[in-house]
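Throughout, a chain's letter reflects where its sequence line sits, starting with A, and its residues are numbered from 1.
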Amino acid sequence: MADFTELPKAYEAAAVEGDIYAAWEKSGAFNPDHAKGEPFAIIMPPPNVTGVLHLGHALENSLMDTMARFQRMRGKRVLLLPGTDHAAIATQAKVEKMLMEQGMKNPRQELGREQLVEKIRTFAEESKATIINQIRTVGTSADWSRLAYTLDDQRNIAVKELFVRMYKDGLIYRGYRVVNWSVKGQSTCSDDEIEHVERPSKLYTFKYAKDFPITISTTRPETKLGDTAVAVHPSDARYQQYIGKVFTVDVGACRVLEIKVIADEAVEPGFGTGALGVTPAHSAIDFAMYEKQKAKGEPIGIIPVIGPDGKMTADAGAGYVGLSVEQAREKFVTWLKTEGLLEKEEDIVQSVGTSDRYGDVIESIPMTQWWLDMNKVIPKRDKTLRELMREAVTVGAHGNAPVRITPDRFTKLYLDRVENLRDWCLSRQLWWGHRIPVWYRGEEMYVGTDVPLGEGWEQDPDSLDTWFSSGSWTFTTLGWPEKTQDLKTFHPTAWMTMGYEILYLWMMRMVLMSTYALEEIPFKDAYIHGILRDEHGKKFSKSAGNGIDPIEVIHQYGSDALRISLLFGISPGNDSRYYTEKIESGRNFTNKLWNISRFILTTIGSDDVASTTKTLADEWILSRMSEVAASVTQKLETFQFSAAGEELRDFTWGDLADWYLEIAKVEKGKKIILTELLQTILKLWHPFMPFVTEHIWGLARFDGKLIVAPWPTGPSDVGAHGNAPSPEFERLRLLVTDMRRLRQEQGIEAAKKVEFIVIDHVGAIHELPLQELVGQNEAWIMRLINGSCTSNKIAMPDGYVVAQSGSATIGLNLAGAVDLEKEKAKAEKELEEIEKYISSTEAKLGNVEFTAKAPEKVVQGMKDKLAEAQAKREALKKRL
RNA sequence: GGACAUUUAGCUCAGUUGGUUAGAGCGCACCGUUCACAUCGGUGAGGUCGCAGGUUCGAAUCCUGCAAUGUCCACCA
């Protein structure tokens with residue numbers, strides 16, 4: 001037996017964690033190929049390779065890893081598949097920004113495609129290495145042999161295959177439509193990449209010309225140079241006479257507009273003038289009208305007046321070409337004023353679409369791009385992609401149950417979003433990403449996974465939206481499009497976690513891709529976590545300067561401490577705060593567990609006599625243990641990480657350390673029980689705190705590896721103590737607390753020799769080492785009167801100060817120096833409270849409605865409480 | 001404009017189908033240190049569960065309305 005007395009008094013996390021992780025990895029425990037049992041796969045949400053991990057990632061990893069380790073110990077064949085995301089626009093924007101800070105004016109022009117991509121790749125590889133290292137540091141039990149990257153060759157094959165299939169199914173099309181355009185980024189972006197920022201703006205109300213009959217309003221006067229129609233509501237009496245008419249108006253600077261008055265339901269008659277200047281080229285809603293008119297056979301024109309460079313085009317007129325949007329606006333408004341056409345100019349607050357990566361205002365510009373159709377029926381499937389996304393969370397499909405989203409309120413949000421999805425613009429004018437698998441030669445176009453045969457083919461210069469590859473992440477990581485064993489074993493995956501901020505961006509796309517390509521719903525459960533904020537509730541961000549490096553925290557406090565401090569006190573879908581006191585409390589508990597273990601190990605090392613009979617305390621702690629094990633299991637099964645951990649902490653610290661171990665010091669002979677208790681709590685804690693538990697398990701030389709030790713779930717695993725915790729013990733525990741309080745209330749010095757009398761009618765007072773528990777061993781004298789005595793015959797002698805503990809009466813000898821008046825008043829107050837409680841409880845129990853309708857358990861519980869309260873009342877009465 | 005969330009002890013938050021006299025951590029007050037742990041032990045103070053109605057034998061929990069805060073969505077030009 002090793003000598004445990006030499007172990008350090010405080011747990012030194014930094015000294016052991018690295019070696020422990022390396023040993024796990026080496027043992028192959030992370031790799032499911034070495035395991036049996038029912039498959040349980042968690043695919044890691046791949047962190048962006050834009051930098052380093054933050055605390056939010058640490059939270060996500062803690063959730064994933066706790067679930068993975070729990071399931072692994074339960075005998076499942078667990079795959080936690082790690083990976084990183086190339087994050088197309090985010091990474092390219094970041095590297096371009098860095099290059100510009102280093103003095104480059106236009107990195108794309110100066111470096112060209114190949115060199116810039118190389119720069120980005122170098123950066124990405126560096127952050128990838130950092131990130132992977134960080135994931136190891138937090139202890140995530142990921143299978144590194146299956147490490148994936150959204151931009152590696154394997155994923156490239158899959159992405160191309162997916163694109164080609166969708167194209168062949170007619171879901172992907174090339175179309176000239178209004179896109180979201182970032183001038184700064186020189187690329188399209190999807191609706192989801194736009195952040196709406198409120199800012200002050202001006203609303204101008206004006207007429208195109210003196211002889212034009214309708215007044216319109218706009219916040220973007222410069223775009224009016226591209227107007228081709230004015231839309232009014234079809235039933236608006238004011239404008240009936242004009243519908244269908246075409247007006248030619250001179251807007252100065254060599255521009256003449258042909259404006260047709262059209263009717264459209266989308267126009268609100270009550271808003272502004274009830275008429276809307278239609279700019280098909282620079283507004284999504286106006287473009288929709290343009291298409292509607294075209295379909296009706298009454299086409300209107302489309303005139304782009306803003307170019308991709310953010311400057312006015314030649315079509316804006318000779319006086320405007322080359323001007324910036326702002327300059328053009330000023331010029332046009334000035335012209336309106338001089339012509340007397342401007343009727344009103346109001347200050348308003350407007351929500352402006354802004355690029356979340358490049359930060360500039362998004363322009364709507366018509367362009368030819370690649371799109372994914374949400375409304376087209378998939379051949380041989382009889383359903384649209386939108387329908388596939390819908391049924392995946394409602395009725396399920398292909399024999400898969402619907403995804404269970406925790407908390408389920410997000411299901412409704414998801415569905416609302418699915419209904420409002422527009423076609424997805426897939427192409428980006430970025431260089432960092434999967435290149436679109438399309439080649440052109442003159443008028444010819446080829447869509448395929450490989451370069452077409454023959455001379456002169458040029459590949460589409462654009463790349464795919466980053467979510468195209470991350471959307472297919474659950475199955476491309478498992479080897480699709482090959483029919484691999486992994487795919488068969490682990491897909492659909494079991495459990496997935498993500499922050500609510502990417503529920504739309506990511507989850508919908510994963511569902512879309514998986515239900516389309518595999519006819520499988522990609523996961524059974526989606527657990528949505530909140531955002532981690534700083535102590536003031538602010539989001540962590542670089543610009544706010546409140547970022548915290550999880551690795552530094554781990555270095556100082558240990559990975560386990562960080563994990564439990566992130567996991568405790570949270571609830572799914574809600575934000576949580578991080579602050580120093582929390583991590584300290586995590587560290588303190590880790591240390592507590594360390595010292596509990598140290599005590600048990602030294603005790604079982606020296607205490608070689610094992611008692612064969614169980615004491616009251618033994619029975620109590622073992623039944624509590626099995627009760628807690630069952631409850632923690634149930635909570636983890638339902639993803640209640642916080643509740644499970646806190647229950648376990650309360651048991652470990654409160655029941656085990658503060659009570660049982662103190663009793664064990666006196667009772668002795670507990671080698672077997674203490675060993676069993678230590679093993680069980682180490683197992684139960686392992687998913688939450690893998691390092692310290694593994695470290696202790698190793699020091700103790702317990703059998704096997706903790707990481708794959710069988711999970712304790714109930715009585716049979718902790719030694720057949722299935723009975724409910726003894727109420728007798730709980731009563732005695734209360735008695736001890738009450739005795740301690742009485743001593744403190746009387747201000748008795750710790751070393752003073754005093755005498756207690758405890759009068760009780762039932763119970764096993766002698767079954768607890770009361771003297772030791774209440775105070776200093778030698779200094780106390782205690783007379784216990786219980787069991788056979790009848791209450792009438794026993795009275796507390798004079799000179800004792802008295803307290804009530806349940807039905808027991810405690811007397812503390814003050815050698816006559818008792819304030820009888822005060823004592824009486826105290827008892828009276830207590831009696832008053834208990835009377836109140838008794839009468840309200842009696843009233844409840846007397847209510848037939850209650851006894852008839854409430855569950856038996858509730859009624860019985862109340863009766864028991866009442867009986868106890870009545871006993872206490874009798875005892876109190878005797879003292880008055 | 002729409003939707004969602006939050007409001008419980010000084011602070012940060014739990015509270016799972018409505019059911020004992022509402023909990024935790026931190027903080028606070030008092031007592032305690034050779035005995036696993038001061039990163040500790042003991043004891044205690046502290047809450048009309050945002051407000052107003054309603055349903056129910058019973059409401060922090062369900063319903064309605066209101067208020068404050070936060071988040072997301074939206075093509076009000």
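At a threshold of 4.0 Å, the pair A:Arg417-A:Asp191 does not count as salt-bridged, since none of the basic side-chain nitrogens sits closer than that to a carboxylate oxygen. Ion pairing between A:Arg743 and A:Glu745 fails under the 4.0 Å rule for side-chain N and carboxylate O.
Using a 4.0 Å heavy-atom criterion, one finds that A:Trp653 contacts the sugar-phosphate atoms exclusively. Across all strands, A:Thr218 comes closer than 4.0 Å only to sugar-phosphate atoms, never to a base (heavy-atom distances). Backbone-only contact: A:Asp658 has heavy atoms under 4.0 Å from sugar-phosphate atoms and none from a base. If you check every strand for non-hydrogen atoms under 4.0 Å, A:Gln634 touches nothing. Among the atoms of the strands shown, only primed sugar atoms or phosphate atoms (P, OP1, OP2) are found under 4.0 Å from some heavy atom of A:Thr737. Among the atoms of the strands shown, none is found under 4.0 Å from any heavy atom of A:Arg220. Counting any heavy atom pair closer than 4.0 Å across all strands shown, A:Lys665 reaches a base atom. Residue contacts for A:Tyr579: at a heavy-atom cut-off of 4.0 Å it reaches a base atom on one of the strands shown. Heavy atoms of A:Ser571 sit under 4.0 angstrom from primed sugar atoms or phosphate atoms, though from no base atom. At a threshold of 4.0 angstrom between heavy atoms, the contacts of A:Gly569 are confined to the sugar-phosphate backbone, with no base atom among them. Contacts of A:Arg577 with the nucleic acid, taken as non-hydrogen atoms under 4.0 Å apart, involve only primed sugar atoms and P, OP1 or OP2.
Nearest heavy-atom pair across A:Leu812 and A:Leu742 is CB-CD2, 3.7 Å. The two residues A:Val632 and A:Ala644 have their closest heavy-atom pair at CG2-O, 3.8 Å.
Checking B:A74, B:G25, B:C75 against the side-chain heavy atoms of A:Arg417 singles out B:A74 as nearest. For A:Phe271, taking side-chain heavy atoms from C-beta onward, the closest of the listed nucleotides B:C76, B:U39, B:U21 is B:C76. Listed nucleotides B:C4, B:C72, B:A77 differ in distance to A:Glu268; the shortest reach to its side chain belongs to B:A77.
Counting only distance, with no hydrogens or angles, the side chain of A:Asp227 and the backbone of A:Ala229 share no donor-acceptor pair below 3.5 Å. Within the 3.5 Å criterion, the main-chain N or O of A:Asp264 finds no donor-acceptor partner in the side chain of A:His233.
Side chain A:Gln744 to base B:G42: a donor-acceptor pair is found below 3.5 Å. For B:U16, its base sits under 3.5 Å from the side chain of A:Gln640 at one donor and acceptor pair at least. Residue A:Lys9 places no side-chain atom within donor-acceptor reach of the base of B:A36, judged by atom type and a 3.5 Å distance cut-off alone. One N or O donor and one acceptor, one from the side chain of A:Glu662 and one from the base of B:A36, sit under 3.5 Å apart.
The shortest distance between the side-chain N/O atoms of A:Arg741 and the OP1/OP2 oxygens of B:G44 is below 4.0 Å. Regarding contacts with the backbone of B:C73, every side-chain N or O of A:His196 stays at 4.0 angstrom or more from both OP1 and OP2.
Closest-nucleotide positions on RNA chain B for A:Arg740 and A:Asp575 were compared, and the one nearer the 5' end corresponds to A:Asp575. Of the residues near RNA chain B, A:Ile194 and A:Asp286, the one whose nearest nucleotide (by heavy atom distance) lies more toward the 5' end is A:Ile194.
Contacts with RNA chain B (heavy atom under 4.0 Å) in residues 590-597 of chain A: A:Asn591, A:Lys592, A:Asn595, A:Ile596, listed by number. Of the residues in residues 840-856 of chain A, A:Lys844, A:Asn847, A:Glu849, A:Phe850, A:Lys853, A:Ala854, A:Pro855 come within less than 4.0 Å of RNA chain B through at least one heavy atom, sorted by number.
Using bins of under 30°, 30° to 60° and over 60° for the plane-to-plane angle, the ring pair A:Phe332/A:Phe206 lands in the perpendicular bin. Using cut-offs of 30° and 60° on the angle between ring planes, the pair A:Phe641 and A:Phe639 is parallel.
In this structure, A:Phe589 has its ring center closer than 6.0 angstrom to the ring center of A:Trp685. Here A:Tyr414 and A:Phe410 keep their ring centres 6.0 angstrom or further from each other.
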